[in-house]
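Worksheet: the structure to be examined is printed underneath.
Residue numbers begin at 1 in each chain, while the letters A, B, ... track the order of the sequences. No experiment lies behind these values; they were computed from the predicted model shown. Quick note: numbers below take in every heavy atom, side chains included, and nothing from hydrogens, waters or symmetry partners.
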Amino acid sequence: MLTNILSPMVLAFLLGIIASRVKSDLRFPDSLYQSLTIYLLIAIGLKGGHKLSLAPFSDVWQPSLVAVGLCCTIPLWTYGLMRRVGKFDVPNAAALAAHYGSVSAVTFSAALAFHDILKIHYEGFMPSILAMMEIPAILIGISLARINTPSESDLTNQPVKEIARELLAGKSSLLLIGFLVIGFLVGNKGWDQVAPLFDVPFKGVLTLFLLEAGLVAGRKLSDLRKGGAFLIGFGILFPILHALLGIYLGKLAGLSIGGATILGTLAASASYIAAPAACRVALPEANPSYYLTAALAITFPFNIVLGLPLYHEIAKVICQTN
Amino acid sequence: MLTNILSPMVLAFLLGIIASRVKSDLRFPDSLYQSLTIYLLIAIGLKGGHKLSLAPFSDVWQPSLVAVGLCCTIPLWTYGLMRRVGKFDVPNAAALAAHYGSVSAVTFSAALAFHDILKIHYEGFMPSILAMMEIPAILIGISLARINTPSESDLTNQPVKEIARELLAGKSSLLLIGFLVIGFLVGNKGWDQVAPLFDVPFKGVLTLFLLEAGLVAGRKLSDLRKGGAFLIGFGILFPILHALLGIYLGKLAGLSIGGATILGTLAASASYIAAPAACRVALPEANPSYYLTAALAITFPFNIVLGLPLYHEIAKVICQTN
Amino acid sequence: MLTNILSPMVLAFLLGIIASRVKSDLRFPDSLYQSLTIYLLIAIGLKGGHKLSLAPFSDVWQPSLVAVGLCCTIPLWTYGLMRRVGKFDVPNAAALAAHYGSVSAVTFSAALAFHDILKIHYEGFMPSILAMMEIPAILIGISLARINTPSESDLTNQPVKEIARELLAGKSSLLLIGFLVIGFLVGNKGWDQVAPLFDVPFKGVLTLFLLEAGLVAGRKLSDLRKGGAFLIGFGILFPILHALLGIYLGKLAGLSIGGATILGTLAASASYIAAPAACRVALPEANPSYYLTAALAITFPFNIVLGLPLYHEIAKVICQTN
Amino acid sequence: MNNLNLLTIIAEEALAPAIEKEIVEMGAKGFTSSSVSGKGLHELRDNQWEGENIKIETIVSEDICKKILTHLERKYFDRYAMIAFFHPVNVMRTDHFL
Amino acid sequence: MNNLNLLTIIAEEALAPAIEKEIVEMGAKGFTSSSVSGKGLHELRDNQWEGENIKIETIVSEDICKKILTHLERKYFDRYAMIAFFHPVNVMRTDHFL
Amino acid sequence: MNNLNLLTIIAEEALAPAIEKEIVEMGAKGFTSSSVSGKGLHELRDNQWEGENIKIETIVSEDICKKILTHLERKYFDRYAMIAFFHPVNVMRTDHFL
Ligand SMILES: Nc1ncnc2c1ncn2[C@@H]1O[C@H](COP(=O)(O)O)[C@@H](O)[C@H]1O
Ligand SMILES: Nc1ncnc2c1ncn2[C@@H]1O[C@H](COP(=O)(O)O)[C@@H](O)[C@H]1O
Ligand SMILES: Nc1ncnc2c1ncn2[C@@H]1O[C@H](COP(=O)(O)O)[C@@H](O)[C@H]1O
Ligand code: NA
Ligand code: NA
Ligand code: NA
């Protein structure tokens, strides 16, 4: 665990939190944040596509199935729990379901870096799994809200099909899927051309990105009390539960320890790029304070700092006992 | 040809076109676009200057002469054709002449990358040729308009000398020429200091840039019908003609196959950074729909995707027959 | 000296000055400037922290003491001179004292690059010295103004303690100190992860930054006459004096020739990031024309172009005679 | 009436494409947009993670101004961070805006 | 009175956090900020080295408008590059701003 | 007269340096500029490839306002994407603008 906390990525994240707690004037220009996001998505896509082109299809289909299964069911029980135990109203429960069913590309990147540093092998095609898990949960979350709301002929109620189209054409899945395909097609020669920009400095860029993430998470910390103890408990316990499930099923689907841990991390992670944007438009009655705080100020830091080493330990136990 | 289409650069360009056709919300922040432009111009300049310092002058002067000759004459016949066959009015014909006589630094970069990938040798000093070809055609185009317009004592009619000064001091030639000189002066030691930023990741940055270029070209595609069949035909046939000429003359001037192909590509390319800006100010009556659409939505994609491999084949034929 | 002037960094700076003199439209987007600043501070911090972790404490404490001593006393005599000889009023004299006591991270970077190019050894922990020297002088400058102004119960007079807090939490010291600590903690493994982004392309990024610095310095040149001959003389002679002192004391404190030269350069440099921001808020009556012109248009160019080789020669003399 | 108003809408930027499309459909001949940050009854909106605001300005006749405001009120006002206000302006080339 | 004014403040960006805090403390229910460049009696302010300007707009009642202006005048006007101006606007949902 | 107007010019950004120079020459004591995107009778102008717009605001007396508008009309209006409009504003420190 110490190796993880002492990585430049995690330390930069903590520095970002400190900076925002001491009210530093450090700010990333908006366009730097956007540029880093574009970079990360392209880099993940290219590398994943490249590795996917080297993997036999037989290795890929089982984990893919498990991944899709996970991200389609997580929103269901999350929604149920939020409604019954958390006493949230329909839109808020649905928004939280969408966020926790979907995945975080940055948490994913941190998981890759974690494994690279410890030199633990994982399946190179994991980015394609990431790409598959991003959208379904968001659609399911929004559909849950639609089903459970007395339908008024509301002019704001975009049809779910239209939302699906927008999500697929949305920045994050377009770049991820697009560059997966590009990485898949270009072969070694093409990979060598882009690797100096999109692979070699990747961990450095991630460090920069996590500094910015820390700045935002730090500011959100003051919203924690608005969410209350329930949200904090949920934001930590559910990821652990989802990680357990992900690791276990990943193992069954034939993934290595590393691959299973990463699948677990994906299941544990909550989206805070694609999901908030979609929920804001499709579920405006849901309060961003809840889902952004949970995803960004609770689950994200937990996963990055403590979750990763924890999931790794869990994976070791699960994989050895089987 | 497949190798070209399957390069990350070209695929990124196509992805950009797709993204804008499916109305993706993917957008590059303005400042990222500007930063990438600055990067490309500096990188081209530095490398060209460095290579120029290694080349004997006797190799350089003949191709330079040919290049300047080309970019001074292309606007003349382009203007004539536009007026007579295309039935364009004076300002629009002049603007198109300026654009097609001038050159595109991004097309040039793609040509370099194309040759690098196929491991075909070309003269390292080609960027200095690029720098020479940028401005004259724009001045000639604007002068053509001035000569052919009944002069009114118009307060907007900037003297051509002033326009020349502004173009020379303009971002793109200033960076290109400035860093050519810097690259020339700093020697191997200086080159080694900047190469990790300006050479090693160059193709990756170009990939990013072409993604953005695709986004814009894709949006412009819907303007194609405004230009009509004539503009489409012109935007494809003229570049081929200019490429033929450039390759043939390049060969005569002693360039290698690679160098001749790149000179041909330069002749074939149309400016869409320096020329539009200059024409907008100096020829406001010209309609950007024509020249931007032709340069950006027709000629640029054609050159990047099909032109390059075609010109390469042409060069092989021409150079073998001679 | 020629090696210095013919480095890409210095040439880019000169090109920037030329560009702004010929009224080029070349501009860096604001967010590129901010991003480069963030990059430089992180890069300096990380590398310095990493090197600090490799240095025995016994090597570090003496130079640190000297550095702090320098940056606490420089403002005192600068203030005195400005008041008596320069006939500046209290706020302007105090602001100039703050600027010249503090240090410039970009000048520092240029000094590192200068030594790297000439392959002269210097102590790797110098960035921690930079970090120590940034803030004290600014606080002393502001305090000098407070002490020497008849205190009115002014609502703008922020307590100095509050200013200290803001400076410490300010972007530049937060990043510098934060990443010094991170670089110190992460060890070789962590360093290897971030070096491809924050070390390898460093000189290239510095070249870019100096191009932008040149653009701004060039524009400021026209303000030179406002400052007058006194300011020009001061902006050149004082840095030389401070460099002499820094080199001499650095030598006494056990630094190598390289280390002593860098300490001298730090003493000679004037802040133009942290100090102007702080002075603007805390000493609004001071006229930015004076301190910005002196720091940015006189001392900075002098240090970068002529100062560095000069200080290096001085250091050779001083270190050999002792 | 042909008196022209400058109508300003400040809203969550996610709504920009929809609002821009709708005001043009309702008769505005143009608009000008810029990215702003701000605070009102909702949270501070000043970063890309949580979203910023868009400021859309359009010069329209009084009728169209009223029409747009009614539409915004019905569709957005209760659900989104958003304000709208207007005041008369004098323009060059009135027909440009009608 | 409850007539609403749009008060616009253009000032050195270093002052933004302070001014935003103060206008809210003095009763403004919100504000909208954006980064601008400009020139007035002081130097051209158009780059990050020397600092740019912030434009802060706030819709407030006449009373609060006056209060804010008095405060700005006392605290900032002599010392900083800064202007302020206001004019009446018509808003949707008046109570949003009171 | 000394009544002050806020004159707003929205134009292709390529014209910014010229317009800023000219309005100062014609007597404006300052201006504030920002980068905006927009759509009018010409194409959508929202990216750096095809160019964006600049919004220039200047507080001027009625006379100078009229003078500037006449100049803009003559020199630019037919040839460029551009609009201009103005309305009276109340300022602090009137003499700052005269
Ligand atoms: N009184 C106000 N003055 C100026 N802008 C405001 C005001 N109230 C709200 N806004 C802007 O409108 C946005 C949405 O407002 P709200 O719905 O109140 O959160 C805010 O983020 C501000 O940008
Ligand atoms: N007459 C004016 N019209 C519009 N903006 C102005 C005017 N005068 C000053 N400004 C703005 O206010 C800022 C500060 O003004 P000043 O204190 O006069 O330097 C300038 O940088 C401009 O952005
Ligand atoms: N009715 C309008 N309301 C607000 N802004 C407009 C309007 N019409 C045009 N504009 C702005 O002025 C620019 C030039 O207008 P145009 O010459 O009509 O293309 C546009 O790109 C918009 O930014
Ligand atoms: Na998840
Ligand atoms: Na050409
Ligand atoms: Na100093």
(request) Heavy atoms only, distances under 4.5 angstrom: which of D/E52, D/K55, D/H42 has the most pairs with chain E? Name it, please. (result)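 Result: the option with the highest number of such pairs is D/K55.
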(message) I'd like to know which of D/A84, D/S37, D/P88 tops the heavy-atom pair count under 4.5 Å against chain E.
(response)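 With the most close heavy-atom pairs to chain E, the winner is D/S37.
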(request) Would you mind reporting whether E/V24 and D/K39 have side-chain heavy atoms less than 4.5 Å apart? (result)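 No, their side chains stay 4.5 Å or more apart.
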(message) Contact between D/I83 and E/F97 at the side-chain level, heavy atoms closer than 4.5 Å - yes or no?
(response)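 Yes, close enough: below the 4.5 Å cut-off.
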(message) For E/S34 versus D/V36, what's the shortest heavy-atom pair and its separation?
(response)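 Residues E/S34 and D/V36, closest heavy atoms: CB-CG1, 3.8 Å.
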(request) List the atom of E/R93, the atom of D/E73, and the distance in Å for their closest heavy-atom pair. (result)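 Minimum heavy-atom contact is CG-OE2, 4.4 Å.
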(request) Mind checking the OG1-CZ spacing from E/T32 to D/R45? Nearest 0.5 Å is all I need. (result)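 Answer rounded to 0.5 Å: 11.0 Å.
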(request) To the nearest 0.5 angstrom, please state how far the CE atom of E/M92 sits from the CG atom of D/L7. (result)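 Those atoms lie 9.5 Å apart.
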(request) Sort E/I56 into side chain, backbone, both or neither according to what part of it lies under 4.5 angstrom from a heavy atom of chain D. (result)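 For E/I56, no heavy atom lies under 4.5 Å from chain D.
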(request) Against chain D, label E/E20 side chain, backbone, both or neither, depending on which of its atoms sit under 4.5 Å from a heavy atom there. (result)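 No part of E/E20 comes within 4.5 Å of chain D.
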(request) Tell me, for D/L69 versus chain E, whether the close heavy atoms (under 4.5 Å) come from the side chain, the backbone, both or neither. (result)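 Both the backbone and the side chain of D/L69 come within 4.5 Å of chain E.
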(request) Answer with side chain, backbone, both or neither: which region of D/S35 has an atom nearer than 4.5 Å to a non-hydrogen atom of chain E? (result)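 Only the backbone of D/S35 comes within 4.5 Å of chain E.
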